[in-house]
Amino acid sequence: MINSDNKVIFIVGATASGKSNFGLILAQALDSSIVSCDSMQIYRQANVGTAKISPEEMQDVDHFMIDIVDVDKSFSVSEYSAQANEIINQLHLDKKIPIVVGGTGLYVDSLLFPMSFGCNNDEELRKKLEKDLEEYGAEYMHNLLKEIDPQEAEKVHCNNTKRVIRALEIYYLSGKIKSETKELSKPMNYNTLLVVLNPPRKELYARIDKRVDEMFEKGLVEEVKMIVENSSWDAQAVQAIGYKEFKGYFDGNLTLDEVKNLIKLNSRHYAKRQLSWFRRYPFANWADLDDEKQYEEILSKILKFVQE
RNA sequence: GGGUAGAUUCCCGAGCGGCCAAAGGGAGCAGACUGUAAAUCUGCCGUCUCUGACUUCGGUGGUCCGAAUCCACCUCUACCCA
């Protein structure tokens, strides 16, 4: 018996840890839908490089938050959060338990917890701040923040100029300071079961290598060409690992083989960062699905969660 | 067979008598993260009983108060001449 009451299952983990596949199995078993939680799979045309599930692979399971933005457009967490939460609510109305699947930590956070995202960003102001940064240096900008929002300045390293600029932006645009916009205590949005897929590190790295090789076989090079034609090297979508590395190749500075190795390397780095992020969740359930015992354990946890 | 260059910590690579456990980079590991997040940034990185001690810079001996740095021989590598 399934009781969907405000429940959401999160399947998260590093790239290539097997999220999509496991999520699909769950969605089928629970007769539910997938809500993708991935900052790059939102882009249309970015298929091979983001390891996006194909329509055939979806096997009639609905997948939301995939292919919702054109490759030349920007997107943000706040937009993601608004749309995805909307979908989750809708699924709840249908008595379904949404399966959130993805590896973008910040996006996962935006579903897990209530968040107030300061204010919109303003193109002109940002350009001005970036110019100031160039002119006066990182330390100057950091000192500026220190006067406005000492608490935030304390937390953000001087060299992390993007964060410093955003914090300044919030103040100039809204008059509020960033450290005040955050909620102190964070009640969870939903009745949540979160699973972090966690193959052994070596195994993970081997899977990443294999996946990157497959991407090349599936026509990554052509996809990148097309995407860059439809956007630019500066586009947000092209910041993704698997795309940005080709810049060197098209400029004639890297061989295809070097690009491939770079993509593998960057993917490993990324995977580590993802794991760092998920380790912050005290409520996370870590599982190596290839380990039979752990697989059983996680399945019974899920079973218990959906029934209770 | 002769000559030249070189062998540095996981890798690349600086050091060329004391300020050297040895610059810098890479890899690896750990961490931060609220509107670019597959982004951006930070820390550790010879060993230990860790504000000090110990063992390292191809090997063995030597010079010197003191050597990764100088000398001798040896081993290996690269290139050149035969």
Side-chain angles (χ1 to χ4, degrees), chain A residues 13-17 19 36-43 46 48-52 69 72-83 102-123 125-127 129-130 133 138 141-142 149 152 154-170 173-174 176-184 186 189 201-202 205 208 211-212 215 231 233-246 258 261-281:
Chain A
T15 23
S17 56
K19 301 184 290 289
S36 169
C37 192
D38 186 301
S39 66
M40 290 303 163
Q41 295 193 2
I42 55 158
Y43 288 111
V48 177
T50 63
K52 194 184 288 168
V69 185
D72 59 333
K73 298 287 189 308
S74 294
F75 196 69
S76 71
V77 216
S78 81
E79 290 170 85
Y80 174 82
S81 173
Q83 293 184 31
T104 302
L106 181 61
Y107 285 20
V108 174
D109 258 32
S110 81
L111 261 28
L112 246 21
F113 311 107
M115 281 196 189
S116 48
F117 292 102
C119 54
N120 269 312
N121 46 14
D122 178 278
E123 275 299 308
L125 176 63
R126 180 161 295 184
K127 270 187 195 143
L129 289 173
E130 280 168 354
L133 167 66
M141 302 302 279
H142 194 251
D149 187 352
E152 186 65 18
E154 183 72 26
K155 279 186 63 187
V156 180
H157 189 98
C158 172
N159 289 346
N160 205 345
T161 54
K162 287 195 181 181
R163 291 271 169 66
V164 173
I165 285 181
R166 163 99 270 247
L168 288 171
E169 202 171 71
I170 290 178
L173 251 31
S174 68
K176 284 183 273 187
I177 60 174
K178 189 174 171 189
S179 53
E180 269 178 8
T181 64
K182 295 179 194 173
E183 316 237 347
L184 289 174
K186 292 182 175 178
N189 278 338
R201 188 64 59 91
K202 276 200 176 152
Y205 286 177
I208 287 173
R211 172 181 273 187
V212 173
M215 285 178 182
S231 59
W233 286 110
D234 298 323
Q236 199 171 309
V238 180
Q239 282 187 112
I241 295 164
Y243 299 121
K244 63 176 174 200
E245 291 84 357
F246 280 92
E258 286 169 328
N261 286 329
L262 234 197
I263 293 174
K264 289 177 181 174
L265 179 67
N266 285 338
S267 299
R268 280 207 298 276
H269 289 339
Y270 174 49
K272 287 194 82 254
R273 266 177 279 134
Q274 290 177 297
L275 294 172
S276 262
W277 186 291
F278 298 128
R279 276 192 281 251
R280 299 193 309 170
Y281 298 147

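Quick note on labels: first sequence line is chain A, next is B, and so on, each numbered from 1.
Regarding A/Ile241, its CD1 atom lies at a distance of 9 Å from the P atom of B/U40, rounded to whole Å. Atoms NZ (A/Lys264) and C1' (B/G28) sit 18 Å apart, rounded to a whole Å. Between A/Trp277 atom CH2 and B/C41 atom P there is a gap of 16 Å when expressed in whole angstrom units. Protein atom CG of A/Asp109 is 12 Å distant from nucleotide atom C1' of B/A32, rounded to whole Å. When rounded to the nearest whole Å, the span between CG of A/Leu111 and C1' of B/A37 equals 15 Å. Counting to the nearest Å, the P atom of B/A37 and the CD atom of A/Gln41 are 14 Å from each other. The CZ-C1' distance, from A/Phe278 to B/A32, rounds to 15 Å in whole Å. Taking atom NZ on A/Lys162 and atom C1' on B/U34, their separation rounds to 16 Å, with Å as the unit.
Cation-pi contact between A/Arg280 and A/Trp277: present, with separation from the ring centre below 6.0 Å and deviation from the ring axis of at most 45°.
Applying the side chain to side chain donor-acceptor pair (under 3.5 Å) criterion to A/Asp149, with sequence neighbours excluded, gives A/Ser179. Taking the ring pair (Phe, Tyr, Trp, His ring centres under 6.0 Å) definition, one finds that A/Tyr80 meets it with A/Tyr107, sequence neighbours left out.
In this model, the phosphate group of B/U34 is approached by a side-chain N or O of A/Lys178 to a distance below 4.0 Å at OP1 or OP2. The phosphate of B/U34 has neither OP1 nor OP2 within less than 4.0 Å of any side-chain N or O from A/Arg166. Within the structure, a side-chain polar atom (N or O) of A/Lys244 is placed less than 4.0 Å from OP1 or OP2 of B/A39. Between A/Tyr107 and B/A37 there is a side-chain polar atom (N or O) within less than 4.0 angstrom of OP1 or OP2. For the OP1/OP2 pair of B/G31 and a distance below 4.0 Å, the side-chain nitrogens and oxygens of A/Ser276 include at least one atom meeting the criterion. At the phosphate of B/C33, neither OP1 nor OP2 sits under 4.0 Å from any side-chain N or O atom of A/His157.
In this structure, A/Gln274 and A/Ser76 both approach RNA chain B, and ranking their closest nucleotides by distance from the 5' end singles out A/Ser76.
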Criterion salt bridge (charged side-chain N to carboxylate O under 4.0 Å, His left out) on A/Arg166 and A/Glu169, from CA distance to verdict: CA-CA 5 Å; A/Arg166 163 99 270 247; A/Glu169 202 171 71; 3.1 Å; yes
Test side-chain contact (heavy atoms from CB on, under 4.5 Å) applied to A/Thr15 and A/Arg211, step by step: CA-CA 10 Å; A/Thr15 23; A/Arg211 172 181 273 187; 4.2 Å; yes
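Separating the P atom of B/C79 from that of B/C44 is a span of 41 Å, rounded to the nearest Å. Between the C1' atoms of B/U75 and B/C10, the separation comes to 23 Å (whole Å). Taking atom P on both B/U36 and B/C41, the two are 15 Å apart, rounded to the nearest angstrom. Atom name C1', nucleotides B/A68 and B/G46: the rounded distance is 15 Å, in whole Å. Straight-line distance between the C1' atoms of B/G24 and B/C45: roughly 15 Å, to the nearest whole Å. The P atoms of B/U8 and B/U60 are separated by 16 Å, rounded to the nearest whole Å. B/A67 and B/C54 have their P atoms separated by 14 Å, with the value rounded to a whole Å. Taking the P atom of each, B/U69 and B/G59 are spaced 10 Å apart, rounded to whole Å.
Looking at heavy-atom distances under 4.0 Å, A/Asn266 makes no contact with the nucleic acid at all. Within the 4.0 angstrom heavy-atom criterion, only backbone atoms of the sugar-phosphate kind lie near A/Arg279; the bases stay farther away. Contact annotation for A/Gln239: base contact, defined as any heavy-atom pair under 4.0 Å involving a base atom. Base contact: A/Thr50 has a heavy atom under 4.0 Å from a base atom. A/Phe113 comes within 4.0 angstrom of nothing in the nucleic acid, heavy atoms only. Across all strands shown, A/Glu130 has heavy atoms under 4.0 Å from base atoms, whether or not it also approaches the sugar-phosphate. Note on A/Tyr205: only backbone sugar-phosphate atoms sit closer than 4.0 angstrom, heavy atoms only; bases stay farther off. Residue A/Gly242 is out of contact with every strand shown, counting any heavy-atom pair closer than 4.0 Å. A/Tyr80 comes within 4.0 angstrom of no nucleic acid atom, judged by non-hydrogen atoms across all strands.
Checked by atom type and distance alone, the side chain of A/Gln236 pairs as donor or acceptor with a backbone atom of A/Phe75 at under 3.5 Å.
Taking every side-chain heavy atom of A/Leu265 into account, B/A27 is the closest of B/A27, B/U36, B/A37. When each of B/U42, B/A39, B/U36 is scored by its nearest atom to the side-chain atoms of A/Arg126, the top-ranked nucleotide is B/U36. For A/Arg201, counting side-chain heavy atoms from C-beta on, the closest listed nucleotide (B/A37, B/A27, B/C29) is B/C29. Looking at the side chain of A/Thr104, the nearest of the listed nucleotides B/G28, B/C41, B/A37 is B/A37. Listed candidates were B/U40, B/U42, B/A39. Nearest to the side chain of A/Asn159 is B/U42. Picking from B/C41, B/C33, B/A30 the nucleotide with the shortest atom distance to the side chain of A/Arg273 gives B/C41.
When Watson-Crick and G-U wobble pairs are counted only if both distances are under 3.5 Å, B/A68 pairs with no nucleotide at all. In a base pair of the Watson-Crick type (N1 to N3 plus N6-O4 or O6-N4) or a G-U wobble (N1-O2 and O6-N3), with each distance short of 3.5 Å, B/U47 is matched with B/A53. B/C73 is paired with B/G59 under the criterion used here, namely a Watson-Crick or G-U wobble arrangement in which both key atom distances are under 3.5 Å. Of the nucleotides present, B/G3 is the one that pairs with B/C79 by Watson-Crick or G-U wobble criteria, both distances under 3.5 Å. With a cut-off of 3.5 Å on both Watson-Crick or G-U wobble distances, the partner of B/C33 is given as none. Under the Watson-Crick and G-U wobble criteria, each requiring two contacts below 3.5 Å, nucleotide B/G24 is paired to B/C12.
A side-chain donor from one of A/Gln274 and A/Tyr270 sits under 3.5 Å from a side-chain acceptor of the other. Side chain to side chain, A/Asp38 and A/Tyr43 fail the donor-acceptor criterion of an N or O pair below 3.5 Å.
We find that A/Glu130 and A/Lys127 are not joined by a salt bridge, their nearest charged nitrogen and carboxylate oxygen being 4.0 Å or further apart.
Looking at A/Lys272, its side chain comes within 3.5 Å of the base of B/A30 through a donor and an acceptor atom. The base of B/A39 sits with one of its N or O atoms less than 3.5 Å from a complementary donor or acceptor on the side chain of A/Arg163.
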